[in-house]
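Read the structure below first, then the notes.
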Amino acid sequence: MTTDFRSNVAQALKQDAVQTHFRTVVDRLRAHRQAALAGDAAFEQLRNRCAAIRADAIRRLPQLLEQFESKAQRNGIQVHWAETTLQANRIVLDIMQRHRATFLVKGKSMVSEEMGVNAFLQSHGIDCLETDLGEFIVQLAGEKPAHIIVPAIHKNRREIAHLMHGHFSELPYSEDIETLAQSARHFMRDKFHAASVGLTGVNFMVAETGTLCLVENEGNGRMCSTVPPVHIAVTGIEKVIARLDDLPPLLNLLTRSATGQPITAYVNMINSPRRPDDKDGPDEVHLILLDNGRSRIAGDPELLKTLHCIRCGACINHCPVYRQIGGHAYGTVIPGPIGAILEPQKQGLDAATGELPQASTLCGACAEVCPVRIPIPAIINRLRWESVRKNQQSQNSRPVVPGAGSRRRPLEAAIWKIWAWCCSHPGIYNRLTKLATRLRNRLPAGMGAWTVARKAPKPARSTLHESLRTMDIDHE
Amino acid sequence: MNNRVVSEKPQAVYFYGTCLVDLFYPQAGISAIELLRREGVSVIYPQSQTCCGQPAWNSGYRDEALAVARAQLALFPRPIPVIIPSASCAGMMKVHYPALFRGQSDEATALNVAGRVYELTAFLVDVLDMRLTDLGDPVSVVVHTSCSARRELGVGDKLHTLLRQLRNVEILEPENSAECCGFGGTFAIKQPEISAAMTREKAATVRATGAQRLVSQDCGCLMNIGGAMEKQNQAMPGQHIAELLWERTKK
Ligand code: SF4
């Protein structure tokens, strides 16, 4: 059946250059991670520790959020709760309007992508400028990020040079990364100073201290959060952790898993607005806590593991499917294995992205590298079941995953029923397999989707069951 | 993975051939049985075996998977190992039966069987400590380690332990060897475009080794990669590891 996802995929696979480019970059990211872990005997213990930290945080989510909120408020941070992305956007707009701001500088934030804040603000006459270099390139191209850590992963150097030249036509054309970065930096300096509001994401919220932690490499996150008089941080409610001591191990794993760096160039710890003796900092700090389906996910003992994610991108980099199709084909804010389990839970299995749990061979590469040991293949399996499970009319409660049962097709269900019946009746099974061996030369050469890329397999002359009957072994 | 349930060499084992071996690769099953018997282990082949239920389990059809898996549980009453010449199907029984049968009346039986399941090469190496003498002509083989062997069961290296004992066999690894071949069971049918792209790349790296044969512990991968190479008219004979081992060491 042709679906939105499958036509996206076909489109992506047609672009040879894109595909080759993705493979190269992804392979490089894998190598960086590998190099960063080499010789670290304590790595597996560190993973265990971090997995436990995240599991504990999500298990105690409501309590930790409450603790965080009261600490943060005491520190002077204004905390806002948003159940939906629309509410979150309205809160941003409201703050902007109160300050008569017409212009927003943004640090990299996947939650702001989830909110679609740029488009929302634009429709209210407010311009947004992405200040992370990768995000800036994506914005210039009028596209969406293709990766959560490397948003412009799909762009090669030439494309970037052309985009930048189109934007800064006064500058000479250059493909030198340093030169390009310099031009962008130069351009942004003024914008940071002109903007009255800066928006960033958050990597972790520390409940015991009310601290926001934000890691980045370019310093633009620090600029956005310190230069404009108002700083708005947006984040999902799952980013909370209990203690300050939990932070070093998590950061250690996060950066090495993501880019192979021992630590990012900037680690921002935001505790409060500017205090009287501070040299810089915003007068107001707002934090918007977005739910958008997360608390529902947190209610299921298996699915809540989805929320343990620390957004390192390692599963994406190691996914053989992502390696082939790239990020945009997923049609989601977050692509790759984590996107394939998270987005359908948020949007519903009946949405177009509800197909994503099918986009996996269950090869396990994601779970193998996930720093917090999220069992992604098991969650994929669970969501496949949720997709086709029989509707529970008897239960009045809402399904755990929206759209559960919506992908059950009568024909497919019937085929599985027949298959199960044959395979649980050995007499029938044996007659069928024997028949296949007898017809081995007369079976069709074309077997639908299978034979597009492969020759059809040919049944053996006789089955193992048959062959062994004549061998002197115990058949019990 | 240390899944030894018997520290001594068992006198008898059950052999679970898998549906794929049954219909397409019976020689792999026969070879595996010959290897086991040569080590002095008697082999019981329950004739009522069909399929482990994995295709339905991975497609979300849990009731159907359960019905089929339940029919297999009854085949292994004696407390002896169950040997499976496929990491994928061994993984189904060992790792997924406990989840599939959770809360069912026969959960205890399922756990008991799961605890006795061995992937063939892991059993040959870890339990039987099999020693091999190569009697064959020089040959170069490229190894594809299945994802189930490598990641789900953690027994990917056992095949190499066995192959390295064969002095006339040159072992080659394809580039990006840990990458999945793109089969993924019903994935190949549901997402044929992605599957084909992955398979083509795998076939190309396998071919680039210049090996004379492709060897794996899983027939699903052989069928997939082999079928792709055949389609491109660049067939490379594919063999299950058991078949290669038996062929080169039988007297
Ligand atoms: S699921 Fe795991 S590997 Fe993937 S982004 Fe989240 S933390 Fe990283």
Side-chain angles (χ1 to χ4, degrees), chain A residues 6 9-10 13 19 27 320-321 323-325 358-365 367-368 378 381 383-389 413 416-417 419-426 429 433 436-437 448-460 462-465 467-469 471 473-476, chain B residues 17 19 21-27 29-30 33 42-51 53 55-65 67-68 70-71 99 147 151-152 176 178-180 182-184 187-201 223-224 227-228 230-231:
Chain A
R6 281 184 61 191
V9 165
L13 292 175
Q19 223 195 337
D27 288 350
V321 171
R323 188 168 180 276
Q324 298 292 341
I325 67 174
Q358 310 298 336
S360 166
T361 62
L362 303 173
C363 77
E368 188 182 33
N381 183 293
L383 292 175
R384 288 184 181 180
W385 174 60
E386 294 281 356
S387 300
V388 298
R389 67 188 291 187
W416 282 113
K417 273 226 148 52
W419 171 87
W421 187 75
C422 296
C423 289
S424 42
H425 292 83
Y429 167 89
T433 50
T437 60
W450 178 264
T451 43
V452 173
R454 319 158 184 82
K455 274 262 165 65
K458 205 173 189 181
S462 56
T463 65
L464 182 63
H465 280 78
S467 309
L468 291 183
R469 265 186 225 121
M471 229 165 122
I473 64 168
D474 205 339
H475 292 286
E476 207 154 272
Chain B
C19 57
V21 166
D22 188 29
L23 187 56
F24 294 105
Y25 299 90
Q27 201 48 51
I30 294 169
I33 291 173
S42 71
V43 175
I44 304 165
Y45 185 81
Q47 277 281 342
S48 295
Q49 58 182 276
T50 58
C51 168
W57 166 250
N58 281 346
S59 302
Y61 284 85
R62 292 191 176 178
D63 293 345
E64 289 75 7
V68 172
R70 190 162 274 147
C147 297
R151 287 181 274 262
E152 186 159 78
N176 236 333
E179 197 85 342
C180 174
F183 176 38
F187 169 81
I189 309 295
K190 292 202 163 173
Q191 300 294 335
E193 296 85 7
I194 311 174
S195 176
M198 290 168 68
T199 304
R200 282 198 196 102
E201 192 182 354
M223 186 169 87
N224 182 46
E230 252 188 84
K231 179 92 179 183

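For B:S42, no part sits under 4.5 Å from any heavy atom of chain A, backbone or side chain. In this structure, the portion of B:E179 lying under 4.5 Å from any heavy atom of chain A is its side chain and not its backbone. At a 4.5 Å heavy-atom cutoff, B:Q27 makes no contact with chain A through either its backbone or its side chain. Proximity to chain A (any heavy atom under 4.5 Å) is restricted, for B:N176, to the side chain, taken from C-beta onward. With a threshold of 4.5 angstrom between heavy atoms, B:S59 approaches chain A through its backbone and through its side chain. Heavy atoms of B:R62 lying under 4.5 Å from chain A belong to its backbone as well as its side chain. Proximity to chain A (any heavy atom under 4.5 Å) is restricted, for B:A71, to the side chain, taken from C-beta onward.
Contact tally against chain B (heavy-atom pairs below 4.5 Å) for A:S462, A:A367, A:A359, A:S360: the top residue is A:S360. Considering only heavy-atom pairs separated by less than 4.5 Å from chain A, the leading option among B:F183, B:F24, B:Y61, B:F187 is B:Y61. Interface summary for chain A: among B:A197, B:A188, B:A67, B:A65, the most heavy-atom pairs under 4.5 angstrom belong to B:A197. Looking only at heavy-atom pairs under 4.5 Å with chain A, the residue among B:M223, B:R200, B:R70 that has the most is B:M223.
Between B:Y45 and A:H465, the two ring planes are perpendicular [angle over 60°; tilted spans 30° to 60°].
Contact check on B:E64 versus A:K417 returns a salt bridge, with a Lys/Arg side-chain nitrogen under 4.0 Å from an Asp/Glu carboxylate oxygen.
Of all heavy-atom pairs spanning B:T199 and B:A228, the tightest one is CG2-CB, 3.5 Å.
Here the side chains of A:Q324 and B:E201 are in contact, with some heavy-atom distance below 4.5 Å. Within the 4.5 Å cutoff, side-chain heavy atoms of B:I30 are placed close to those of A:L468.
For an aromatic pair to be called close, the ring centres must be under 6.0 Å apart, and A:Y429 with A:W421 fails this.
Side chains of A:T463 and A:R469: a donor-acceptor N/O pair is absent below 3.5 angstrom, by distance only.
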